[in-house]
Amino acid sequence: MNHNTSVSTVDPVTTEIIRTALIAITDEMKTNLMRSAYNPIIYEALDYTVGLFDAKGNTVSIGLGLPMFIGGLSDAIKAMIKHYGPDGIKEGDIIMTNDPFTMGSHLNNVIIALPIFWQKEMLGFAATMAHWQDIGGTLSGTTTDVYSEGLQIPIVKIFKEGVQDKEITEIIRSNVRLSDQAMGDFWAQIAAARTGEKRFLQLVKNYGRDAVISSISMIMDHSEIIARKEVESIPDGVYEADSFLDDDGVGQDPIFIGVKVIVEGDTFTVDLSNMNPQVKGFYNSGESAGRSAALVAFKCLTTPTLMPINEGSFRPLKVILPSGTVVSAKKPAATRQWMNVPDSIVDTVFKAVSPACPEKVAAAHHCDLMFYTAYGTRKDTEEFFIIAEGLFGGGWGAKYDEDGMSTTICINDGDTHNSPIEALEAKYPVQVLQYTLRTDSGGAGRHRGGLGAIRAYKALNDMAINTGIDRTKCAPWGLEGGKSGLPNKVCVVKKDGTVVNFPNGKLSSYQLEEGDQFILYSGGGGGFGNPLERPVDKVQSDVISGYVSMEMAEKEYGVVIKPDSFEVDVKATERLREAMKAKV
């Protein structure tokens with residue numbers, strides 16, 4: 001078979017082979033990065049993503065990972081192309097940045113991009129974005145500008161035509177606390193990008209440059225057609241909703257999230273003009289994050305399972321995002337907790353369009369990474385340590401035809417994992433005392449919201465802890481008559497038994513003594529539909545499983561369970577449900 005097929009004769013079978021090959025390439029890139037990274041937030045939690053991009057920076061295939069990175073990588077590569085000009089990127093270059101105002105997130109997310117050349121023509125890029133455990137900056141959890149948050153790496157060539165810039169490398173090494181880990185992750189990211197380059201060039205060699213480029217174009221066009229058909233299935237109209245975050249970590253004012261969705265034929269517009277202006281605290285993000293939130297919501301509503309994730313899927317989407325909002329912030333805005341607002345935007349888009357397409361959306365979810373950092377000096381070795389952990393999941397909202405998922409990572413981080421307790425305890429001076437489902441945290445409904453979790457830690461060393469947990473006041477709402485789930489929560493239990501509660505979920509360099517506990521409670525998901533329409537046997541099963549207490553079964557669902565046998569009191573249930581329906 002002659003694989004050097006011309007553009008005009010590329011056939012559907014070849015296109016399908018190339019489509020699946022692109023998915024396989026990004027999967028291999030992802031695996032290689034995970035297996036060679038040095039810090040557990042990458043190799044355990046999988047806080048990274050990888051991708052292939054065309055010569056203009058458009059997404060060709062994103063490895064399954066963090067959904068909110070969909071836009072950031074592409075935007076960064078487009079910025080690199082603009083920065084160096086069409087002829088300024090050479091074979092053997094490797095380009096690096098962590099600029100929040102280019103790629104949307106915080107300084108810890110480092111991008112490494114490698115241009116792919118074939119016969120002196122640049123065909124595209126292989127790129128990675130990964131979370132470095134430390135990027136310098138203050139150890140305090142509170143910041144008010146990006147300068148205090150760590151080392152800023154503008155768009156730079158860390159390799160120039162195959163030669164490493166060792167001076168820039170040493171500047172980076174000298175400005176991070178865990179330099180060996182950072183450099184290990186640096187080389188792991190380069191290895192993953194080189195894997196993408198190698199496999200893509202093998203594809204070009206096997207099938208020909210024209211067939212591969214033409215197939216990519218056809219894949220994008222096909223993705224666009226499917227996405228437009230899905231948009232057409234949503235009734236035309238203007239749909240609006242709002243929500244809020246607790247505060248910006250500095251002041252006490254809530255952060256307003258206002259979303260307008262306009263559906264017109266096969267075009268879907270997300271208007272974020274009514275977002276809160278950028279804030280003094282550290283909950284800002286660059287405009288790529290605002291666009292990415294719209295991309296994630298749109299992908300979920302239209303082509304959630306269509307692979308690879310590529311630029312064509314988003315052609316029907318328009319995003320209106322003025323500069324200077326909390327998700328289009330301008331320098332020097334602080335961006336350490338960049339992910340919280342985009343996360344809630346996705347929930348709020350679903351809320352907006354729920355009257356038009358209830359079968360496509362879910363009620364609100366816990367909407368937070370439940371992430372903390374802790375740091376100190378080991379009493380045994382006198383070595384400095386930083387723990388960056390959490391990601392233990394919470395409740396997702398119910399849908400029109402099923403209950404919400406329990407203890408699942410929030411939509412921003414998608415495929416990230418929680419850290420195995422054994423690995424955490426082996427590496428750091430903490431002990432996990434409890435990791436359980438949070439009874440009654442799921443919102444009541446015909447379909448119940450998923451449950452959050454409780455994770456309790458004991459400090460085995462004096463340490464300071466930072467948390468940026470939000471949505472402790474804006475509970476995950478229900479839809480179509482479903483009730484809200486419980487919100488997120490943080491508390492500390494001193495070694496003498498004193499319980500310390502907080503007005504929100506934000507702690508900044510809070511001092512823990514050896515023996516103190518800190519406890520994180522993730523919220524549940526909102527319910528969907530009238531709780532009184534939930535089948536009695538499902539409520540009974542929830543009570544037996546410990547998902548719902550007998551008290552909640554009676555109060556919210558009108559189901560009376562006998563405490564001695566867990567059997568349903570049928571007559572009492574009928575009377576109670578009739579009385580509750582009469583009050584509605």
Side-chain angles (χ1 to χ4, degrees), residues 68 100-101 104-109 131 134-150 152 243-257 275-286 289-290 293 324-345 347-348 366-375 386-391 394 410 412-413 463-475 487-492 500-512 518-523:
M68 215 61 75
F101 308 99
S105 59
H106 56 185
L107 294 173
N108 295 79
N109 290 334
H131 184 127
D134 178 75
I135 199 69
T138 180
L139 288 170
S140 168
T142 301
T143 56
T144 56
D145 62 52
V146 72
Y147 300 107
S148 62
E149 295 181 333
Q152 298 179 63
S243 61
F244 65 93
L245 263 62
D246 300 344
D247 54 66
D248 70 349
V250 175
Q252 297 181 350
D253 294 333
I255 299 174
F256 183 77
I257 298 172
M275 293 295 298
N276 205 101
Q278 68 183 69
V279 293
K280 181 179 180 181
F282 44 97
Y283 283 77
N284 301 289
S285 57
T325 77
V326 72
V327 286
S328 57
K330 296 179 288 187
K331 196 171 184 176
T335 63
R336 179 169 281 176
Q337 289 289 136
W338 72 278
M339 70 291 292
N340 293 72
V341 177
D343 226 2
S344 285
I345 287 175
D347 258 2
T348 311
H366 69 290
C367 210
D368 199 282
L369 294 176
M370 303 305 298
F371 191 78
Y372 72 92
T373 60
Y375 61 91
I386 297 178
I387 308 172
E389 200 263 341
L391 304 172
C410 65
N412 172 74
D413 265 40
M463 62 181 69
I465 181 173
N466 298 317
T467 63
I469 293 168
D470 207 279
R471 293 287 291 268
T472 67
K473 300 174 184 177
C474 181
N488 303 311
K489 179 183 175 182
V490 179
C491 79
V492 166
V500 184
N501 290 306
F502 302 95
N504 55 27
K506 302 174 179 67
L507 306 181
S508 179
S509 295
Y510 187 90
Q511 298 298 312
L512 295 174
F518 61 98
I519 308 175
L520 308 181
Y521 299 80
S522 60

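Keep in mind it's a predicted model, so treat the numbers as computed, not measured.
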Atom pair [atom1]/[atom2] of [X] and [Y] - distance to nearest 0.5 Å:
X	Y	atom1	atom2	answer
L369	D470	CG	CG	11.5 Å
N109	M68	CG	CE	12.5 Å
S508	L139	OG	CG	10.0 Å
F256	M275	CZ	CE	8.5 Å

What's the shortest heavy-atom distance between [X] and [Y], and which atoms?
X	Y	answer
A329	N284	CB-CB, 3.7 Å
G104	A289	O-CB, 3.5 Å
N501	C491	OD1-CB, 3.5 Å
T138	T143	CG2-CG2, 3.6 Å
R471	S344	NH1-OG, 2.8 Å
Y147	P332	CE1-CB, 3.4 Å

When you measure from the side chain of [X] to the backbone N and O of [Y], does any donor-acceptor pair fall under 3.5 Å?
X	Y	answer
N412	D343	no
N466	S509	yes
N108	H131	no
N488	G523	yes
D248	Y283	no
N276	I255	no
E149	A334	no
T467	G505	yes
S148	D145	yes
T335	W338	no

| request: Find out whether V327 and P342 are in side-chain contact, i.e. whether some heavy atom of one side chain is under 4.5 Å from a heavy atom of the other. | output: yes
| Are side-chain heavy atoms of C410 and H366 found at a separation under 4.5 Å? | yes
| query | Without hydrogens or angle criteria, can the side chains of S243 and T348 be said to hold a donor-acceptor pair below 3.5 Å? | reply | yes
| query | When you look at F282 and H106, which way does the side-chain contact (heavy atoms from CB on, under 4.5 Å) test go after all the steps? | reply | CA-CA 10 Å; F282 44 97; H106 56 185; over 6 Å; no
| note | For Q152, the side-chain hydrogen bond (donor to acceptor under 3.5 Å, both in side chains) test, sequence neighbours excluded, returns K331
| Pairing residues for Q337 by the side-chain hydrogen bond (donor to acceptor under 3.5 Å, both in side chains) criterion, not counting sequence neighbours | N340
| said: Run the side-chain contact (heavy atoms from CB on, under 4.5 Å) test on L245 and C474 for me, step by step, so that the C-alpha distance in whole Å, both residues' side-chain angles and the decisive distance to 0.1 Å come before the verdict. | reply: CA-CA 7 Å; L245 263 62; C474 181; over 6 Å; no
| query | Between K506 and D247, is there a side-chain N and carboxylate O pair less than 4.0 Å apart? | reply | yes
| note | Exactly one candidate in Y510, Y521, F518 meets ring-ring contact (aromatic ring centres under 6.0 Å, His included) with F502; the answer is Y510
| field | Residues, nucleotides or ligands: over 12 heavy atoms within 6.0 Å of K280 NZ | value | no
| task | Step by step, work out the side-chain contact (heavy atoms from CB on, under 4.5 Å) result for I469 and M370. | result | CA-CA 6 Å; I469 293 168; M370 303 305 298; 3.7 Å; yes
| field | Chi angles and distances behind the side-chain contact (heavy atoms from CB on, under 4.5 Å) call for Y372, E389 | value | CA-CA 6 Å; Y372 72 92; E389 200 263 341; 2.9 Å; yes
